[in-house]
K.L.:
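Here it is, the structure in full.
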Protein chains: 2
Amino acid sequence: MLDDLDRRLLEILIKDSRTSLKDLAQQVGLSSPSVAERLRRLEDRGVIRAFTVEIDPQALGYTLQAIVRIRPLPGKLHIVQKLIEEIAEFGECDKVTGDDCFVARLFVRSIGDLDKLLDRIADKAETSTAIIKAQPIRRRPPPLAATAISNP
Amino acid sequence: MLDDLDRRLLEILIKDSRTSLKDLAQQVGLSSPSVAERLRRLEDRGVIRAFTVEIDPQALGYTLQAIVRIRPLPGKLHIVQKLIEEIAEFGECDKVTGDDCFVARLFVRSIGDLDKLLDRIADKAETSTAIIKAQPIRRRPPPLAATAISNP
DNA sequence: AGGCGTCGGTCCAGATCGTCCAGCATTTGA
DNA sequence: TCAAATGCTGGACGATCTGGACCGACGCCT
């Protein structure tokens, strides 16, 4: 799926996606046109979804994050989903099996904002909210290695 | 906090962090040294946490994702946290208020792997797992605007 | 008001980088 | 066995980045 060089390139880019082709080339021992070609193919294959920038929500004033479990009332599923998508403070939302239909992450600047935003869903769904106290693991990609499972 | 130019730069970089300084400069109407300087400051201030690459777990064979709520048994909190951090398939973990101590995201290649990984925690914590069926919102940053709250 | 420091900007030139192309080695498949 | 395909390299050339000199706006102090 990925060869060793691809993995090394990705690992470097995960740390700094603005690394120049020349640097990448040096670090993996290829020429820069080869690296350019490999990156192009990784994008084509969809392995690289995007080169992007990770922004610190705190630095923007979002001092609070919450995980919200959302159970739409009967018949309200689509309205609720649309609402969630439209509220930009939802930074992530997964539709899951089980009682809770959605699990979402909410960025807010204050408890007041949290309350205001949840109020906009309150008449269409039951929610339960857990405030995030710490982030032992911040978003990271899955292991790149081809092997089956994390070292046992 | 951020001025309009900063916001525009960030928006461009969120879409493609490899955009050249020259392009950035053109798009916001500055010279490229000024843009370089602004980016440097955004990094210094911690607004930009990293330039990185978004990888598609599916393209790597991780066809399954799950949200796992984890409630360590009495006295096991730290051991459990350490264990979670060490298992690379955990792609995210938040420590939250409420009964569930941790909420984590797990990337796996099969239901079998899911079971194997959860087994490694099973004797130290209660877990409840929800399989992700769809992702209405994939990871996105909070709104960059300085205004209080999403359009009401 | 005038002087001065700072901040953020421009312009320019030398250094660095990316891209295109021709050519070569290795692998693949008919 | 040979032809085509693949993946790489090196070099040339154009594009981009970087650092320095300089400039204007602004706020502050005297």
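Since this is a predicted model, take the numbers as computed values, not measurements.
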K.L.:
Nearest whole Å is fine: how far is dG19(D) C1' from E37(B) CD?
P.N.:
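It is 12 Å, rounded to the nearest whole Å.
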
K.L.:
Would you mind telling me which of dC8(D), dT19(C), dG9(C) lies closest to the side-chain atoms of S32(A)?
P.N.:
dT19(C)

K.L.:
Measure from CD on Q26(B) to C1' on dT16(D) and round the result to the nearest Å.
P.N.:
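About 11 Å, once rounded to whole Å.
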
K.L.:
Given dC8(D), dT16(D), dT18(D), which nucleotide is nearest the side-chain atoms of K22(B)?
P.N.:
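Within the option list, the nearest is dT16(D).
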
K.L.:
Side chain of P33(A) only, heavy atoms from C-beta on: which candidate in dT19(C), dC11(C), dG18(C) is closest?
P.N.:
dT19(C)

K.L.:
Round to a whole Å and report the spacing from CZ of R41(A) to P of dT6(D).
P.N.:
10 Å

K.L.:
Between atom CZ in R18(B) and atom P in dT16(D), what is the gap in whole Å?
P.N.:
14 Å

K.L.:
If you pin T19(B) and R38(A) to their nearest nucleotides in DNA chain D, which one's is more 5'?
P.N.:
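Its nearest nucleotide being more 5', the pick is R38(A).
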
K.L.:
Can you tell me which nucleotide in dC8(D), dG9(C), dT10(C) comes closest to the side chain of S31(B)?
P.N.:
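Ranking dC8(D), dG9(C), dT10(C) by closest atom to the S31(B) side chain puts dT10(C) first.
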
K.L.:
Please determine which of T127(A), L83(A), V80(A), I84(A) meets the side chain to side chain contact (heavy atoms under 4.5 Å, CB included) test together with P72(A).
P.N.:
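Single side chain to side chain contact (heavy atoms under 4.5 Å, CB included) partner of P72(A) among T127(A), L83(A), V80(A), I84(A): V80(A).
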
K.L.:
Within this structure, what is the CG-to-C1' distance between L24(B) and dC17(D), rounded to whole angstrom?
P.N.:
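That distance rounds to 13 Å.
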
K.L.:
In whole angstrom, give the distance that lies between atom CG of L5(A) and atom C1' of dC8(D).
P.N.:
11 Å

K.L.:
Ion pair present between R139(B) and E92(B), side-chain N to carboxylate O less than 4.0 angstrom?
P.N.:
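E92(B) and R139(B): salt-bridged.
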
K.L.:
Could you tell me if Q65(B) and R105(B) have a donor-acceptor pair between their side chains, going purely by distance under 3.5 Å?
P.N.:
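Q65(B) and R105(B) do have a side-chain donor-acceptor pair below 3.5 Å.
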
K.L.:
Figure out the CZ/P separation between R40(B) and dG9(C), and round it to whole Å.
P.N.:
12 Å

K.L.:
Can you measure L21(A) atom CG to dG18(C) atom P for me and round it to whole angstrom units?
P.N.:
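To the nearest whole Å, that distance equals 4 Å.
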
K.L.:
Decide if atom NZ of K124(B) counts as having more than 12 heavy atoms of other residues, nucleotides or ligands within a radius under 6.0 Å.
P.N.:
yes

K.L.:
Between dG8(C), dG18(C), dC17(D), which one does the side chain of S20(B) approach most closely?
P.N.:
dC17(D)

K.L.:
Between R7(A) and D3(A), is there a side-chain N and carboxylate O pair less than 4.0 Å apart?
P.N.:
no

K.L.:
Is the shortest side-chain N/O distance from S34(B) to OP1 or OP2 of dG9(C) below 4.0 Å?
P.N.:
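For dG9(C), OP1/OP2 do not have a side-chain N/O of S34(B) under 4.0 Å.
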
